[in-house]
Amino acid sequence: MSDKNQDNTKPTNFIRAIIDKDLETGKHDYIITRFPPEPNGYLHIGHAKSICLNFGIARDYNGRCHLRFDDTNPMKEEMEYIESIKQDVKWLGFDWGEHEYHASDYFDQLYQYAIELIKKSKAYVEHSTQEEIRQMRGTLKEPGKESPYRNRTVEENLDLFERMRDGEFDEGECVLRARIDMASPNLNMRDPVIYRILKAPHPRTGKKWSIYPMYDFAHGISDAIEGITHSICTLEFEDHRPLYDWFLDQVSVPCHPQQIEFARLNLSYTLMSKRKLLQLVREKIVDGWDDPRMPTVSGLRRRGYTPESIRDFSDRIGVAKRDSMVDLALLEYCVREDLNKRARRYMGVLDPIKVVITNYPEDKVEMLKAVNNPEDESMGTRQVPFSRVIYIERDDFKEDPPKKFFRLSPGKEVRLRYAYYITCVEVIKDEEDNIVELHCTFDPKSRGGFTPDRRRVKGTLHWVSAQHAAEATVRLYEPLFTLADLNDMEEDKDFHDYLNPDSLTVLENCQLEPALADLDTSDRVQFERKGYFVPDHKEYSSEKPVFNRIVTLRDTWAKIEKSMKKGE
RNA sequence: UGGGGCGUCGUCAAGUGGUAAGACACGGGUUUUUGGUACCCGCAUACGGAGGUUCGAAUCCUCCCGCCCCAGCCA
């Protein structure tokens, strides 16, 4: 391996390249990043990408990453969200240590910086209405017009701003604006509002303030106060960078962080806007923020995804500036890879059909040895009960087997995993021609799953002893939407038109290996041949086990079936 | 003919003038008591297009085309 590309494990991207250079040139010798959520919703996998990016950089460069709540809008923000965000970041495996901050911690300083701007004639109190301000802003093509209030004296502005703070004006009556350039081709520079009057109490500062800073003013200054070296945000803030820099140049802050923008995550079949996610919750299309179909961190957690797999996913998708749409299959690949190594194997029949082994003694019960994880011998073995009546999966039997079907069918022999070879001798049906039971015979010499004559048996089925089975509920999940690219909906349609009616399937009569009724809710397991499952942490109990399917196993047979159907 | 970005395989993504990494997906095969896993093979004469500079261009220049973002007292 003389290849320069041999190590793909370390993420490399344009942001790390910038940091490498800043370290080389001595611009910085310690790297500080930050993850700055607004506490107005739950974190989703797009945020996870940003968290992994910012905390990952801090970890790899021996720097640190701050958790800072961007809580400058008390109308939309709530304490509930702050707690969920902290829990999610921790669960993802990151630690901000002592460095938890809130933009609201800086309200006093921000206010002083605003005064500094006013004193430099770089800000003024605007008394025009919201509508008038919009009119004066101009359009994309036409320059804006200067406000009649733009040239108020410093003293007047100072007085007015103080009175804004003291609550003398009503909401909407006036705002503080930066005095930049109404003719700028960048609309963000046309005297942006930096303080507005909001009489709402703030979750953290209570009734202390009746004016609140806007994002553009608060964010950069907060970065500077904390000594952030690289302020990483998403692409839509690219146009704001000149403003970010302008504020930091005008005001006496301790340093001037560099804003760097990257493309946010888009995932196929997945909605990634906080607003629409909120809608799904409010309209009860899903069962809360942590519904296992949600792309929220709490949803993924309840679904059974591991933090390791999400971090791996983040590393694999990379970081760049072009708009992109990542294939859901990659996320699924990441969990499968993680769980394959770690999940214990069990047998669980999701859609049972009864099988009577006619030549097996009525009352006999045997304990058979099963391997817990073929990928990891140290995980040991277990004993599984076997008896005369068992369940197998309904679609593991076909009366008229298609080509290449090597599961059970009349007259055919298959292996029951870790148990015996059985041959189907009779199909029992009800009046409506539904198969209700199969009668099979077993070969006593095949105990454990192989015979002295070493004859080959192609199919191996999972099974559960009927008298020992634990009855359980299993929920199967599919994507919430039927459209891969939800940014590309037809005109006059919205996401409601693309809801997948099969996103949730609840199976009530599943028959599971008894050990499955006695798991810890953090145990993720594999049901052999079916997929990876996790006990639902809200509903699972030994009396009534409830499982969520995390992801299926790769299913080559399903692909063959599909292509055979196409070929017909 | 407002400004800011971006265009490399189906999807991500390296590449920074020296002759197109890697991953997922997909197709084929080997092993297999999970049609799982693992392993092997294949998969861009080609980098949005057209010109140009150069011995040599995905990388530099020119023009063109396409996509995304911005007119909140949201972040």
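Keep in mind it's a predicted model, so treat the numbers as computed, not measured. Letters A, B, ... mirror the listed sequences (proteins, then strands); counts begin at 1.
For RNA chain B, the neighbouring residues in residues 185-195 of chain A, judged by any heavy atom under 4.0 Å, are A:Pro185, A:Leu187, A:Val193.
Pairing partner, B:C67: B:G5, with both Watson-Crick or wobble hydrogen-bond distances short of 3.5 Å. Summarising the base pairing, B:C55 is matched to B:G18 through a Watson-Crick or G-U wobble pair whose two defining distances lie under 3.5 Å. Remark: B:U62 base-pairs with B:A50; criterion is Watson-Crick or G-U wobble with both hydrogen-bond distances under 3.5 Å. Across all strands shown, B:G42 forms a Watson-Crick or G-U wobble pair with B:C26, both key distances being under 3.5 Å.
Considering only side-chain N and O atoms, A:Arg322 lies under 4.0 angstrom from the phosphate OP1 or OP2 of B:G7.
With B:A75, B:A23, B:U34 as the choices, the nucleotide that has an atom nearest any side-chain atom of A:Leu553 turns out to be B:U34. In this structure, of B:U34, B:C68, B:G35, it is B:G35 that holds the atom nearest to the side chain of A:Phe406. Comparing B:G72, B:G2, B:A75 by their closest approach to the side chain of A:Glu38 singles out B:A75. When distances run from any side-chain atom of A:Leu330 to the nucleotides B:A71, B:C69, B:A23, the shortest one goes to B:A23. When distances run from any side-chain atom of A:Thr460 to the nucleotides B:C73, B:U34, B:C24, the shortest one goes to B:U34. Residue A:Met325 places its side chain closer to B:C12 than to any other of B:C12, B:C73, B:G36. Looking at the side chain of A:Ile560, the nearest of the listed nucleotides B:C74, B:G36, B:G35 is B:G35. Distances were taken from every side-chain heavy atom of A:Arg134 (C-beta onward) to each of B:G36, B:A13, B:G72; the shortest belongs to B:G72. If you check B:C6, B:C24, B:U34 against the side chain of A:Tyr333, the one that comes closest is B:C24.
Using a 4.0 Å heavy-atom cutoff across all strands shown, A:Arg417 reaches at least one base atom of the nucleic acid. Using a 4.0 Å heavy-atom cutoff across all strands shown, A:Arg415 reaches at least one base atom of the nucleic acid. A:Glu238 comes within 4.0 angstrom of sugar-phosphate atoms only, judged by non-hydrogen atoms across all strands, and of no base. Nucleic acid contact class of A:Phe405 (heavy atoms, under 4.0 Å, all strands): base. Residue-level contact check: A:Arg241 touches neither bases nor backbone, having no heavy atom under 4.0 Å from any strand. In this structure, A:Ser324 reaches the sugar-phosphate backbone alone: every heavy-atom distance under 4.0 Å involves primed, P, OP1 or OP2 atoms, never a base. Within 4.0 Å of A:Phe237, counting heavy atoms only, lies at least one base atom of the nucleic acid. Residue contacts for A:Gln526: at a heavy-atom cut-off of 4.0 Å it reaches a base atom on one of the strands shown. Within the nucleic acid shown, A:Met214 comes within 4.0 Å of sugar-phosphate atoms alone, with no base atom in reach, counting heavy atoms only. In this structure, A:Ser128 reaches the bases: a heavy-atom distance under 4.0 Å links it to at least one base atom across the strands shown. Backbone-only contact: A:Val319 has heavy atoms under 4.0 Å from sugar-phosphate atoms and none from a base. Within the 4.0 angstrom heavy-atom criterion, only backbone atoms of the sugar-phosphate kind lie near A:Lys559; the bases stay farther away. Within 4.0 Å of A:Pro242, counting heavy atoms only, lies no atom of the nucleic acid at all.
Centre separation under 5.5 Å together with a plane angle under 30° does not hold for the ring of A:Tyr215 and the six-membered base ring of B:A75, so they are not marked as stacked.
Counting only heavy atoms from C-beta outward, the side chains of A:Met379 and A:Arg345 never approach each other to under 4.5 Å. You'll find the side chain of A:Glu238 reaches within 4.5 Å of the side chain of A:Lys321, heavy atoms only.
A pairwise comparison of heavy atoms in A:Arg415 and A:Thr460 identifies NE-OG1, 3.1 Å as the closest pair.
At least one donor-acceptor pair closer than 3.5 Å links the side chain of A:Asn157 to the backbone N or O of A:Val125.
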Contacts under 3.5 angstrom, residues 179-189 of chain A side chains, donor-acceptor by atom type, not counting sequence neighbours:
residue: A:Arg179; atom: NE; partner: A:Arg150; partner atom: O; Å: 3.0
residue: A:Arg179; atom: NH2; partner: A:Asn151; partner atom: OD1; Å: 2.4
residue: A:Asp181; atom: OD1; partner: A:Ala183; partner atom: N; Å: 2.8
residue: A:Ser184; atom: OG; partner: A:Asn186; partner atom: N; Å: 3.0
residue: A:Ser184; atom: OG; partner: A:Asn186; partner atom: O; Å: 3.2
residue: A:Asn186; atom: OD1; partner: A:Asn188; partner atom: N; Å: 2.9
residue: A:Asn186; atom: ND2; partner: A:Asp239; partner atom: O; Å: 2.9

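With hydrogens and angles ignored, a donor-acceptor pair under 3.5 angstrom links the side chain of A:Asp239 to the base of B:G3. Between the side chain of A:Glu561 and the base of B:G35, no donor-acceptor pair under 3.5 Å is found. Contact annotation: side chain of A:Arg407 to base of B:G35, donor-acceptor pair present below 3.5 Å.
A donor-acceptor pair shorter than 3.5 Å cannot be found between the side chains of A:Tyr269 and A:Glu478. At a cut-off of 3.5 Å, with distance as the only test, no side-chain donor of A:Gln526 or A:Glu528 sits close to an acceptor on the other residue.
A centroid separation of less than 6.0 Å is found between the aromatic rings of A:Tyr42 and A:Tyr81.
Taking atom C1' on both nucleotides, B:C61 is separated from B:C24 by 37 Å, rounded to a whole Å.
Here A:Phe237 pairs with A:Tyr215, A:His240 under the ring pair (Phe, Tyr, Trp, His ring centres under 6.0 Å) rule; sequence neighbours left out.
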